[in-house]
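Below, chain A is the first sequence line, B the second, and so on; all start at residue 1.
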Protein chains: 2
Amino acid sequence: MSATGGVVRRSLLDDLATSMLALIAERKLAPGDQFEAVRSLAERFKVAVPTVREALRRLEATGAVELRHGSGVYVGPNVGRLVLANPLALAPSPDRLVELLQARALIEPPVAALAAQTRAEVALEQMAKDLDTAAELIASGDHAQLAEVNMDFHRSLAQASGNATLAEVVESVTVVNAREQLEILHIHGDRQADLDEHRAIYDAVRSGDADLAELLTREHLDGVLAVINERLQHP
Amino acid sequence: MSATGGVVRRSLLDDLATSMLALIAERKLAPGDQFEAVRSLAERFKVAVPTVREALRRLEATGAVELRHGSGVYVGPNVGRLVLANPLALAPSPDRLVELLQARALIEPPVAALAAQTRAEVALEQMAKDLDTAAELIASGDHAQLAEVNMDFHRSLAQASGNATLAEVVESVTVVNAREQLEILHIHGDRQADLDEHRAIYDAVRSGDADLAELLTREHLDGVLAVINERLQHP
DNA sequence: ACATGAAAATGATCAGATCACTTGGTCATT
DNA sequence: AATGACCAAGTGATCTGATCATTTTCATGT
């Protein structure tokens with residue numbers, strides 16, 4: 001039932017999209033680089049402008065390119081990524097949110113353990129920065145930004161594992177409830193405790209204690225999950 | 001640096017895309033259902049046809065809708081998904097492939113453990129079916145199909161966990177190396193051993209032995225990983 | 001009943017035009 | 001010399017309207 005089966009009759013759009021990706025690869029363009037004007041692309045591939053735009057929209061949907069009004073077409077941040085968060089996902093239901101956190105509680109602890117073994121330096125520094133930023137934001141009371149940075153910490157942690165695929169998975173799973181995280185934060189109340197837990201995880205990873213890093217991460221996420229579950233039953 | 005920051009000036013296209021998704025949700029349409037004609041949508045939202053098409057292309061990119069020439073617009077298989085495999089991803093490099101398998105070896109064992117606790121019945125039956133199909137394919141020697149079904153088994157296993165998000169993660173991570181899996185299978189050689197390991201995992205899950213299920217899954221994936229690593233060094 | 005083929009519905013693509021935003025430079029003011 | 005207002009070119013965004021290609025439907029004839 002899962003077989004992709006037989007012939008894939010590539011449409012004009014498929015060809016266009018892959019050709020443009022190939023063009024990006026061929027020119028060795030990196031995320032952020034400017035690509036090429038829509039009209040220019042239309043001429044290059046001998047197709048009409050709307051057709052080019054449709055192909056670009058497809059690429060844009062997964063973050064392979066970006067279209068900036070008045071400026072140009074640029075290479076997006078997700079070129080070459082394997083796993084990504086559905087950019088069209090609507091706000092998850094409460095049930096789905098719990099599921100999401102359960103998934104995180106299952107995945108992230110072993111990732112933290114791996115991070116403690118690998119300790120990719122750049123990511124470690126990023127974690128430290130995230131912690132500092134979080135401390136500032138707690139002081140200034142900017143909760144929206146704080147929720148963002150807290151998610152960043154988890155992403156940096158995954159980066160420290162040195163495994164890009166794992167980092168992508170964690171990123172995907174964290175990006176979804178970024179907005180929900182704000183409310184969670186609001187509910188949770190004790191932002192300082194959150195920060196302390198993050199700090200403890202950081203220390204464990206920095207010192208290379210894999211077991212401790214795994215344990216602390218698990219407790220941290222289980223804690224969040226417990227708060228959510230309780231809150232869902234007493235709204 | 002990752003903050004989305006401040007004002008989000010939603011473009012016409014953003015609105016269109018989300019409106020159409022909302023429309024699908026509102027009508028309670030399921031994957032496979034017919035949606036609405038392009039011209040009709042254009043009229044409904046008071047925009048031009050090319051604009052509707054661009055929005056549809058964006059939705060199509062993530063599998064939220066499908067456009068079938070001459071037939072109509074249909075709801076795609078990925079509506080409501082949170083995490084998915086990048087449909088534009090090109091074949092991963094050997095390094096990336098190893099990373100991918102490491103990620104799987106980290107994620108899937110605890111998922112198997114959870115599956116042994118939850119034991120969602122439908123998924124268990126699917127696992128059994130996958131095993132039967134695999135046995136037939138080994139007999140008939142259809143390796144391409146076999147690789148597919150083997151991946152299906154892992155996906156069904158994740159489904160049995162009862163956590164849709166985890167299932168999506170595992171699906172995303174397995175779909176990527178579906179093609180590579182063929183070569184792995186070819187290298188691995190002993191397809192019967194693979195099947196036996198899958199059967200053992202199934203039995204453990206079926207009997208509710210979480211620890212055993214986790215252990216067997218870990219050994220299974222580590223085994224595959226070991227073979228790949230060795231093969232990469234002696235090509 | 002069944003097969004055939006025309007007609008309708010629908011997506012795919014094209015062409016050209018106009019509007020809106022960004023960017024870089026010019027030039028007057030300070 | 002530095003600053004700020006303004007203008008013009010480049011570029012994406014959207015529209016209008018038409019034509020081609022594929023699928024589906026259904027009346028028709030055997």
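A donor-acceptor contact under 3.5 Å links the side chain of B/Arg39 to the base of C/dG11.
With D/dC15, D/dT11, C/dG11 as the choices, the nucleotide that has an atom nearest any side-chain atom of B/Val47 turns out to be D/dC15. Counting only heavy atoms from C-beta on, B/Leu67 has its side chain closest to C/dG11 among D/dG12, C/dG11, D/dC15. Here D/dG12 is the nucleotide among C/dC14, C/dA12, D/dG12 with the atom lying nearest to any side-chain atom of A/Ala37.
Atom C1' of nucleotide D/dT14 and atom CG of B/Leu16 are separated by 11 Å, given to the nearest angstrom. In this structure, A/Glu60 atom CD and D/dG12 atom C1' are separated by 11 Å, rounded to whole Å. Distance CD (A/Glu54) to P (D/dT14): 14 Å, rounded to an integer number of Å. B/Leu56 places its CG atom 14 Å from the P atom of D/dT14, with the value rounded to the nearest Å. Atom-to-atom, CD of B/Glu43 to P of D/dG17 comes out at 13 Å; the value is rounded to the nearest Å. The CZ-P distance, from B/Phe35 to C/dT10, rounds to 13 Å in whole Å. To the nearest angstrom, P of C/dA12 lies 20 Å from CZ of A/Phe45. The interatomic distance linking A/His69 (NE2) with D/dT14 (C1') rounds to 9 Å, in whole Å.
Nucleotides of DNA chain D nearest to B/Val49 and A/Arg57 differ in position, and the one nearer the 5' end is that of A/Arg57. Heavy-atom nearest nucleotides on DNA chain D were determined for A/Gly70 and for A/Arg53, and the one closer to the 5' end corresponds to A/Gly70.
For the residue pair B/Thr62 / B/Asn78, no side-chain donor-acceptor distance below 3.5 Å is found, with atom types taken as modelled. The closest side-chain donor-acceptor pair between A/Thr174 and A/Arg104, if any, does not fall under 3.5 angstrom.
Residue B/Arg68 is classed as a sugar-phosphate contact, given heavy-atom separations below 4.0 Å to backbone atoms only. When heavy atoms are screened at a 4.0 angstrom cut-off, B/Glu36 is found touching the sugar-phosphate backbone but no base atom. Nucleic acid contact for B/Val73: sugar-phosphate only, since backbone atoms but no base atoms lie under 4.0 Å from a heavy atom of the residue.
Between A/Leu23 and A/Glu36, the closest heavy-atom pair is CD2-OE1, 4.0 Å.
Within the structure, a side-chain polar atom (N or O) of B/Ser71 is placed less than 4.0 Å from OP1 or OP2 of D/dT24.
Taking the six-membered ring where tryptophan is involved, the planes of A/Phe153 and A/His198 are essentially parallel, since the angle between them stays under 30° and well short of 60°.
No side-chain donor-acceptor contact under 3.5 Å links A/Asn86 to the backbone of B/Val83.
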